[in-house]
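Contents: one structure, followed by commentary.
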Amino acid sequence: MNHQLTVYNSLTREKQVFTPIHEGFVGMYVCGPTVYNDVHLGNCRTFVSFDVIYRYLKHLGFKVRYIRNITDVGHLLDDGEDRMLKGAKADQLEPMEVAQKYTLGFHQMMQIFNTLPPSIEPRATGHIPEQIEMVEAIMKNGYGYEANGSVYFDTLAFAEKTGEYGKLSGRVIDELMAESRTLKNQDEKKHPSDFAIWMKAAPEHIMKWNSPWSVGFPGWHLECSAMSTKYLGKEFDIHGGGNDLKFPHHENEIAQNVGSCGCQPAKYWLHTNMLLLNGKKMSKSDGNTISPTELFTGDSVHITKAYSPMAVKFFMLQCHYRSTLDLTDEALQAAEKGYKRLMEALRKLKKLEASTAVGSMDTEIDALVDGIYTDMNDDFSTPKALGTIFELVTKINILSDGGTEGQVSAAVLGKLQTTLNTMIGDVFGLADEGEGDGQGSAVNGLMELILDLRQAARTNKDWPTSDKIRDGLASLKIQVKDGKEGSSWSFQ
RNA sequence: GGUCUCGUGGCCGAGCGGCUAGGCAGAGGUCUGCAAAACCUUCCACAGCGGUUCGAAUCCGCUCGAGACCUCCA
């Protein structure tokens, strides 16, 4: 590697050289979705971001264990009703049926975005004993107290003894006190900033388990603490999630881990920023929202046409994961064209041949190729890397035109091909949607035949026939491209 | 109200004190039977006002504006 990998650590608020706890291994935990509804597009952005991080770490040679949980229990609403229960009421289904339905939908969407599955995808409901054990450990250390069958985390005691609470989010307990609101069970808490780690279930509650304190369910911050510990150990390398989880979720997670075992769970905290729609946060109640499916079908007032999953993914990668990304129709159109141009260049790159002479462009290309790694090593900067890649696209086009102005040696061409294919395909996970099915499918064979016939017509200057074929294909959403060396085609 | 981000050319987005990414759109050109596509070249910036500095989009202060979190949320 040319340079060291640096990452921005939300905990210290600075970029740090990435040094894993155990050389060669990386443990990464990312907060997954709550499966009570269809995946939110913002979720997709977060998971696409961490997918690229996962893939890049693997590409660098680390053995990565990537944990992404499924939250299928335990989140409280203002009215104290369990989220899963609420979903079940709406759909007339068993809670687990709801969870299963949306988990499958989530997986499907992750596949559409061409992300890799995590190493382990633990479910909160499958780790109730671990969570109960953690509550016990917290209580044993004096940071938890029971009230009417529920157990709360004692933030004041914790803050006094450890001085830890609020570090990640930059919050102070005194301030939190002033923000107290009239929440259910507030009276049971000693301090407004205390939070539930075990909740006693109301009689109508469906998802509940036995515990030393009551029949109930775990507090919603607890699952991540318990599952990360179980699969990655008490201390691991990376903890990720959306920006909006910093507080209270991640802050409380740290408190629970420190409170139960005395150690900081993650060395590096990585947070992705929000995806905005037309400059504003997506919100269902305002109608300012768009689902991935709507994006792919074009069925939304916010967009003028359908966008392919890879175009959307490319759009996401053009922005750094720590910046807010504003989704607009215009920006998507720009991204779609950029994506197509990139894929076209990749296809050309495959067919490029090295010069026997000295590669006049060698130095320039070589430096740019190395630059991609420099970009990615800078906190996984996909936008910078794409910038560099597009400079290479121009070089590829020059070489592909076969002029005399540029030549490349076999060594540098090989490096260029390997790096670009690896980076775009294996690390970014951008698949080529425009290309025909490949593998000598019937479509490819047919298209070859049709284009041959059209070429014959063109040679005979039989323009009506030639144009009829072209227009006919166009109405089938197949575009014919006439180039110097014959015609090619692609799906629109 | 509190905590914190951010304001870059027509649009999206890099930039982390000197070497002025990149994509899309616009303009010019190449190719072409025509068209499309593709390709090449190119114009247009750093919210405002002060300050620090030999030098600032980059550092500091203020003003204006936007957004996130503080409550379920990626």
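As the structure is a prediction and not an experimental result, all values here were calculated from the model. The chains referred to below are lettered A, B, ... by the order of the sequence lines, with proteins before strands, and numbering in each begins at 1.
Residues meeting the side-chain hydrogen bond (donor to acceptor under 3.5 Å, both in side chains) test with A/K15, sequence neighbours left out: A/D378. For A/T12, the side-chain hydrogen bond (donor to acceptor under 3.5 Å, both in side chains) partners two or more places apart in sequence, or in a different chain, are A/Q16. Every residue meeting the side-chain hydrogen bond (donor to acceptor under 3.5 Å, both in side chains) condition with A/T46, not counting sequence neighbours, appears here in chain and number order: A/T272. Residues passing the ring-ring contact (aromatic ring centres under 6.0 Å, His included) test with A/F390: none are found, sequence neighbours excluded. Checked against ring-ring contact (aromatic ring centres under 6.0 Å, His included), A/H250 has the following partners two or more places apart in sequence or in another chain: A/H239, A/W269, A/H271. Residues meeting the side chain to side chain contact (heavy atoms under 4.5 Å, CB included) test with A/A345, sequence neighbours left out: A/V393. For A/D375, the side-chain hydrogen bond (donor to acceptor under 3.5 Å, both in side chains) criterion is met by A/T388, not counting sequence neighbours.
Atom name C1', nucleotides B/rC46 and B/rG9: the rounded distance is 8 Å, in whole Å.
Remark: side-chain polar atoms of A/K313 are paired, donor with acceptor, to backbone N or O of A/G429 under 3.5 angstrom.
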Using a cut-off of 4.0 Å between protein heavy atoms and nucleotide atoms, how would you tag nucleotides 6-16 of chain B 5' to 3' with B, S and -?
-----SSSSSB
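Of the candidates B/rG33, B/rA68, B/rG67, the closest approach to any side-chain atom of A/R454 belongs to B/rG33.
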Could you pull out the protein-nucleic contacts involving nucleotides 36-40 of chain B (nitrogen or oxygen on both sides, under 3.5 Å)?
unit_1	atom_1	unit_2	atom_2	d
B/rA36	O2'	A/Q479	NE2	3.3
B/rA36	N1	A/D482	N	3.4
B/rA36	N1	A/D482	O	3.2
B/rA38	O2'	A/K348	NZ	3.4
B/rC39	OP1	A/R341	NE	3.1
B/rC39	O2'	A/D401	OD2	3.1

